[in-house]
> 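Supplied in C-alpha coordinates, the structure appears directly below.
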Amino acid sequence: FRRVLFRSSIILGISIFVLIYLFSDITGGDIIIKQANSDFKNGEYTKAYEDIKGYSIDEKKEAQVNLYRKIELVAFMSSQRDSFYVFAKQGMYEDALDCLLKGVKRYDEYCDEAESLGVRSQYDDLESEIELRLADTYKLDKTTALEILRLGNKKEYTAMVYQIVADLGLSYDKDEK
(Lines give C-alpha, C1' and ligand atoms only; values in the text may rest on other atoms or scores of the structure.)
Protein backbone atom coordinates (compact mmCIF):
# COMPACT_ATOMS: atom_id res chain seq x y z
CA PHE A 1 0.00 0.00 0.00
CA ARG A 2 2.87 2.39 0.76
CA ARG A 3 4.40 1.74 -2.65
CA VAL A 4 1.16 2.61 -4.38
CA LEU A 5 0.79 5.72 -2.26
CA PHE A 6 4.43 6.69 -2.94
CA ARG A 7 4.03 6.20 -6.72
CA SER A 8 0.75 8.09 -6.71
CA SER A 9 2.40 10.97 -4.84
CA ILE A 10 5.28 11.09 -7.33
CA ILE A 11 2.91 11.00 -10.31
CA LEU A 12 0.74 13.71 -8.76
CA GLY A 13 3.80 15.86 -8.01
CA ILE A 14 5.15 15.50 -11.53
CA SER A 15 1.71 16.27 -13.00
CA ILE A 16 1.38 19.43 -10.92
CA PHE A 17 4.89 20.53 -11.91
CA VAL A 18 4.14 19.97 -15.62
CA LEU A 19 0.85 21.89 -15.40
CA ILE A 20 2.50 24.81 -13.61
CA TYR A 21 5.33 24.85 -16.15
CA LEU A 22 2.96 24.81 -19.11
CA PHE A 23 0.65 27.42 -17.61
CA SER A 24 3.50 29.78 -16.73
CA ASP A 25 4.99 29.43 -20.21
CA ILE A 26 1.68 30.23 -21.89
CA THR A 27 0.91 33.11 -19.54
CA GLY A 28 4.46 34.48 -19.75
CA GLY A 29 4.38 34.39 -23.53
CA ASP A 30 1.05 36.21 -23.59
CA ILE A 31 2.43 38.88 -21.30
CA ILE A 32 5.49 39.38 -23.51
CA ILE A 33 3.37 39.71 -26.66
CA LYS A 34 0.94 42.13 -24.98
CA GLN A 35 3.77 44.27 -23.60
CA ALA A 36 5.54 44.42 -26.96
CA ASN A 37 2.28 45.31 -28.71
CA SER A 38 1.55 48.03 -26.14
CA ASP A 39 5.03 49.54 -26.46
CA PHE A 40 4.74 49.47 -30.26
CA LYS A 41 1.37 51.23 -30.19
CA ASN A 42 2.85 53.87 -27.87
CA GLY A 43 5.64 54.60 -30.37
CA GLU A 44 8.33 52.96 -28.25
CA TYR A 45 9.61 50.85 -31.13
CA THR A 46 13.03 49.96 -29.75
CA LYS A 47 11.52 49.02 -26.39
CA ALA A 48 8.96 46.83 -28.18
CA TYR A 49 11.80 45.08 -29.96
CA GLU A 50 13.65 44.56 -26.69
CA ASP A 51 10.44 43.10 -25.21
CA ILE A 52 10.03 40.52 -27.95
CA LYS A 53 13.68 39.84 -28.83
CA GLY A 54 14.58 36.30 -27.86
CA TYR A 55 10.94 35.26 -27.51
CA SER A 56 10.17 32.15 -29.52
CA ILE A 57 7.51 33.24 -32.00
CA ASP A 58 4.96 30.58 -32.86
CA GLU A 59 5.25 30.44 -36.65
CA LYS A 60 1.74 28.95 -36.80
CA LYS A 61 0.25 32.11 -35.29
CA GLU A 62 0.13 34.68 -38.07
CA ALA A 63 -0.68 37.53 -35.68
CA GLN A 64 2.52 36.85 -33.68
CA VAL A 65 4.63 36.57 -36.81
CA ASN A 66 3.19 39.82 -38.19
CA LEU A 67 3.62 41.66 -34.89
CA TYR A 68 7.24 40.54 -34.65
CA ARG A 69 7.94 41.64 -38.22
CA LYS A 70 6.21 45.02 -37.72
CA ILE A 71 8.26 45.66 -34.62
CA GLU A 72 11.46 44.55 -36.31
CA LEU A 73 10.95 46.79 -39.36
CA VAL A 74 10.00 49.94 -37.49
CA ALA A 75 12.47 49.43 -34.63
CA PHE A 76 15.38 49.24 -37.05
CA MET A 77 14.44 52.59 -38.59
CA SER A 78 13.89 54.07 -35.15
CA SER A 79 17.24 52.80 -33.89
CA GLN A 80 19.07 54.32 -36.89
CA ARG A 81 17.40 57.68 -36.20
CA ASP A 82 18.18 57.46 -32.49
CA SER A 83 21.77 56.42 -33.15
CA PHE A 84 22.18 59.43 -35.42
CA TYR A 85 21.31 61.73 -32.53
CA VAL A 86 23.68 59.95 -30.14
CA PHE A 87 26.60 60.02 -32.56
CA ALA A 88 25.96 63.61 -33.66
CA LYS A 89 25.80 64.80 -30.05
CA GLN A 90 29.18 63.17 -29.45
CA GLY A 91 30.65 64.81 -32.55
CA MET A 92 30.96 61.47 -34.33
CA TYR A 93 29.50 62.81 -37.58
CA GLU A 94 30.77 60.03 -39.83
CA ASP A 95 28.98 57.41 -37.73
CA ALA A 96 25.90 59.63 -37.53
CA LEU A 97 25.81 59.93 -41.34
CA ASP A 98 26.27 56.18 -41.69
CA CYS A 99 23.19 55.61 -39.52
CA LEU A 100 21.10 57.91 -41.66
CA LEU A 101 22.29 56.20 -44.84
CA LYS A 102 21.44 52.79 -43.38
CA GLY A 103 17.97 54.11 -42.60
CA VAL A 104 17.48 55.28 -46.18
CA LYS A 105 18.65 51.93 -47.51
CA ARG A 106 16.39 49.98 -45.17
CA TYR A 107 13.40 52.15 -46.03
CA ASP A 108 13.78 51.52 -49.74
CA GLU A 109 14.25 47.78 -49.22
CA TYR A 110 11.23 47.23 -46.97
CA CYS A 111 8.65 49.97 -47.60
CA ASP A 112 6.38 47.56 -49.51
CA GLU A 113 6.47 45.08 -46.65
CA ALA A 114 5.72 47.88 -44.17
CA GLU A 115 2.70 48.75 -46.32
CA SER A 116 1.45 45.16 -46.36
CA LEU A 117 1.85 44.91 -42.57
CA GLY A 118 -0.03 48.16 -41.96
CA VAL A 119 2.88 50.15 -40.54
CA ARG A 120 3.67 52.32 -43.55
CA SER A 121 2.67 55.47 -41.67
CA GLN A 122 5.19 54.87 -38.87
CA TYR A 123 7.79 53.79 -41.41
CA ASP A 124 7.22 56.93 -43.51
CA ASP A 125 7.40 59.20 -40.46
CA LEU A 126 10.78 57.79 -39.47
CA GLU A 127 12.09 57.98 -43.02
CA SER A 128 10.95 61.61 -43.31
CA GLU A 129 12.87 62.47 -40.16
CA ILE A 130 15.93 60.68 -41.51
CA GLU A 131 15.68 62.62 -44.79
CA LEU A 132 15.30 65.87 -42.84
CA ARG A 133 18.47 65.12 -40.84
CA LEU A 134 20.34 64.26 -44.04
CA ALA A 135 19.32 67.62 -45.50
CA ASP A 136 19.87 69.87 -42.50
CA THR A 137 23.04 68.25 -41.14
CA TYR A 138 24.77 66.99 -44.29
CA LYS A 139 23.10 68.95 -47.11
CA LEU A 140 22.15 65.67 -48.82
CA ASP A 141 18.90 64.67 -50.46
CA LYS A 142 17.55 61.14 -50.78
CA THR A 143 18.76 60.76 -54.38
CA THR A 144 22.33 61.57 -53.37
CA ALA A 145 22.07 59.26 -50.37
CA LEU A 146 21.00 56.41 -52.64
CA GLU A 147 23.92 57.15 -54.98
CA ILE A 148 26.33 56.91 -52.04
CA LEU A 149 24.75 53.60 -51.02
CA ARG A 150 25.31 52.24 -54.54
CA LEU A 151 29.05 52.84 -54.43
CA GLY A 152 31.01 49.78 -55.47
CA ASN A 153 32.58 48.72 -52.23
CA LYS A 154 32.87 49.53 -48.55
CA LYS A 155 36.14 51.40 -48.97
CA GLU A 156 34.60 53.80 -51.51
CA TYR A 157 31.51 54.22 -49.33
CA THR A 158 33.60 55.00 -46.23
CA ALA A 159 35.79 57.45 -48.15
CA MET A 160 32.69 59.26 -49.42
CA VAL A 161 31.17 59.48 -45.92
CA TYR A 162 34.40 60.94 -44.51
CA GLN A 163 34.68 63.35 -47.45
CA ILE A 164 31.13 64.67 -46.96
CA VAL A 165 31.77 65.25 -43.26
CA ALA A 166 35.14 66.90 -43.91
CA ASP A 167 33.72 69.16 -46.65
CA LEU A 168 31.16 70.46 -44.16
CA GLY A 169 33.80 71.01 -41.49
CA LEU A 170 32.09 68.57 -39.12
CA SER A 171 35.03 66.27 -38.50
CA TYR A 172 35.55 65.10 -34.95
CA ASP A 173 38.47 66.83 -33.34
CA LYS A 174 39.87 64.74 -30.47
CA ASP A 175 41.70 67.76 -29.02
CA GLU A 176 38.43 69.65 -28.51
CA LYS A 177 36.80 66.86 -26.48
Side-chain angles (χ1 to χ4, degrees), residues 25-90 92-165:
D25 189 47
I26 291 168
T27 305
D30 290 345
I31 291 169
I32 290 169
I33 294 293
K34 285 179 184 175
Q35 183 63 49
N37 196 28
S38 174
D39 289 338
F40 185 83
K41 286 180 179 178
N42 291 329
E44 297 180 46
Y45 308 122
T46 306
K47 186 172 183 324
Y49 183 73
E50 290 298 319
D51 292 340
I52 207 166
K53 182 177 72 175
Y55 176 72
S56 183
I57 300 296
D58 185 346
E59 298 293 328
K60 296 175 192 160
K61 294 182 180 179
E62 188 176 348
Q64 277 189 14
V65 172
N66 288 342
L67 176 64
Y68 182 82
R69 192 64 187 137
K70 286 177 190 180
I71 291 171
E72 188 176 46
L73 284 173
V74 179
F76 182 86
M77 291 288 286
S78 179
S79 71
Q80 294 306 309
R81 178 210 49 202
D82 296 346
S83 294
F84 159 77
Y85 287 117
V86 170
F87 286 130
K89 186 175 181 176
Q90 294 176 1
M92 299 171 71
Y93 296 106
E94 294 85 358
D95 293 310
L97 176 54
D98 183 52
C99 290
L100 295 177
L101 292 170
K102 286 178 184 175
V104 168
K105 180 179 180 183
R106 182 72 169 222
Y107 177 84
D108 270 19
E109 289 175 354
Y110 295 101
C111 64
D112 291 338
E113 185 178 359
E115 175 80 36
S116 72
L117 290 169
V119 292
R120 181 70 183 256
S121 169
Q122 295 96 322
Y123 213 59
D124 286 349
D125 290 346
L126 289 164
E127 197 264 349
S128 293
E129 188 173 350
I130 285 171
E131 280 189 45
L132 181 63
R133 298 301 149 236
L134 277 169
D136 68 9
T137 307
Y138 299 99
K139 313 300 182 232
L140 299 175
D141 60 14
K142 185 174 180 176
T143 303
T144 306
L146 290 170
E147 288 172 8
I148 294 167
L149 289 163
R150 283 192 284 270
L151 288 173
N153 62 46
K154 189 162 179 71
K155 188 174 183 180
E156 289 176 29
Y157 170 85
T158 302
M160 179 60 76
V161 166
Y162 276 81
Q163 186 63 51
I164 290 167
V165 170

> Is any side-chain heavy atom of K142 closer than 4.5 Å to a side-chain heavy atom of D108?
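K142 reaches D108 side chain to side chain.
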> Working to the nearest 0.5 angstrom, can you tell me the gap between I71 CD1 and K47 NZ?
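If we round to the nearest 0.5 Å, I71:CD1 and K47:NZ are 11.0 Å apart.
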> Between A36 and A48, what is the shortest heavy-atom contact and its length?
O-CB, 3.4 Å
> What's the separation between atom CD in Q90 and atom CG in D95, rounded to the nearest 0.5 Å?
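Reported value, rounded in 0.5 Å steps: 9.0 Å.
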> Does the side chain of Q80 reach to within under 4.5 Å of the side chain of L100, using non-hydrogen atoms?
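Of all side-chain heavy-atom pairs linking L100 with Q80, none is under 4.5 Å.
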> Looking only at side-chain N and O atoms, does D125 offer a donor or acceptor that is under 3.5 Å from a partner on S128?
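No, no side-chain donor-acceptor contact under 3.5 Å.
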> Parallel, tilted or perpendicular: which one describes the rings of Y68 and Y49, with boundaries at 30° and 60°?
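Because their plane-to-plane angle lies in the 30° to 60° range, the rings of Y68 and Y49 count as tilted.
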> Return the OG to CD1 distance between S56 and I32, rounded to the nearest 0.5 Å.
10.0 Å
> A side-chain contact here means heavy atoms from C-beta on lying under 4.5 Å apart; do D98 and Y157 qualify?
yes
> Has R81 got its NZ or CZ under 6.0 Å from the middle of the six-membered ring of F76, at an angle within 45 degrees of the ring axis?
no
> Rounded to the nearest 0.5 Å, what's the gap from SG on C111 to CG on D124? Could you check?
8.0 Å
> For a quick test of reading the model, state the closest non-hydrogen atom pair linking L126 to S78 and the distance between them.
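Looking at all heavy atoms of both residues, the closest pair is CD1-N, 3.8 Å.
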> Assess whether a salt bridge exists between E109 and R106, defined as any Lys/Arg side-chain N lying under 4.0 Å from an Asp/Glu carboxylate O.
no
> Okay, side chain of N42, backbone of E44: is any donor-acceptor separation there less than 3.5 Å?
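Looks like no, no N/O pair under 3.5 Å.
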> State which residues pass side-chain contact (heavy atoms from CB on, under 4.5 Å) with K70; sequence neighbours excluded, sorted by chain then number.
F40, L117, V119
> Atom CG in L101, atom OH in Y138: separation rounded to 0.5 Å?
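Nearest 0.5 Å value for the CG-OH distance: 9.0 Å.
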> State which residue, out of Q64, R69, E62, fulfils the side chain to side chain contact (heavy atoms under 4.5 Å, CB included) condition with N66.
E62
> Given side chains that start at C-beta, do those of D141 and L134 come closer than 4.5 Å, heavy atoms only?
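D141 vs L134: side chains apart.
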> Roughly how far, to the nearest 0.5 Å, is CG of L97 from CG of L140?
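Between atom CG of L140 and atom CG of L97 there are 6.5 Å.
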> Hey, does K154 have a side-chain heavy atom less than 4.5 Å from the side chain of T158?
yes
> Does any non-hydrogen side-chain atom of Y107 lie less than 4.5 Å from one of Y123?
yes
> Work out which heavy atom in Q122 is nearest to a heavy atom in G118; give both atom names and the distance.
OE1-O, 4.1 Å
> Contact between F84 and I130 at the side-chain level, heavy atoms closer than 4.5 Å - yes or no?
no
> Distance alone, cut at 3.5 Å: any donor-acceptor contact between the side chains of Y45 and D39?
no
> Can you check whether R133's main-chain N or O pairs, donor with acceptor, with T137's side chain at less than 3.5 Å?
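Checked: pair present.
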> Could K53 and E50 be called an ion pair, given the rule that one side-chain N must be under 4.0 Å from one carboxylate O?
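Yes.
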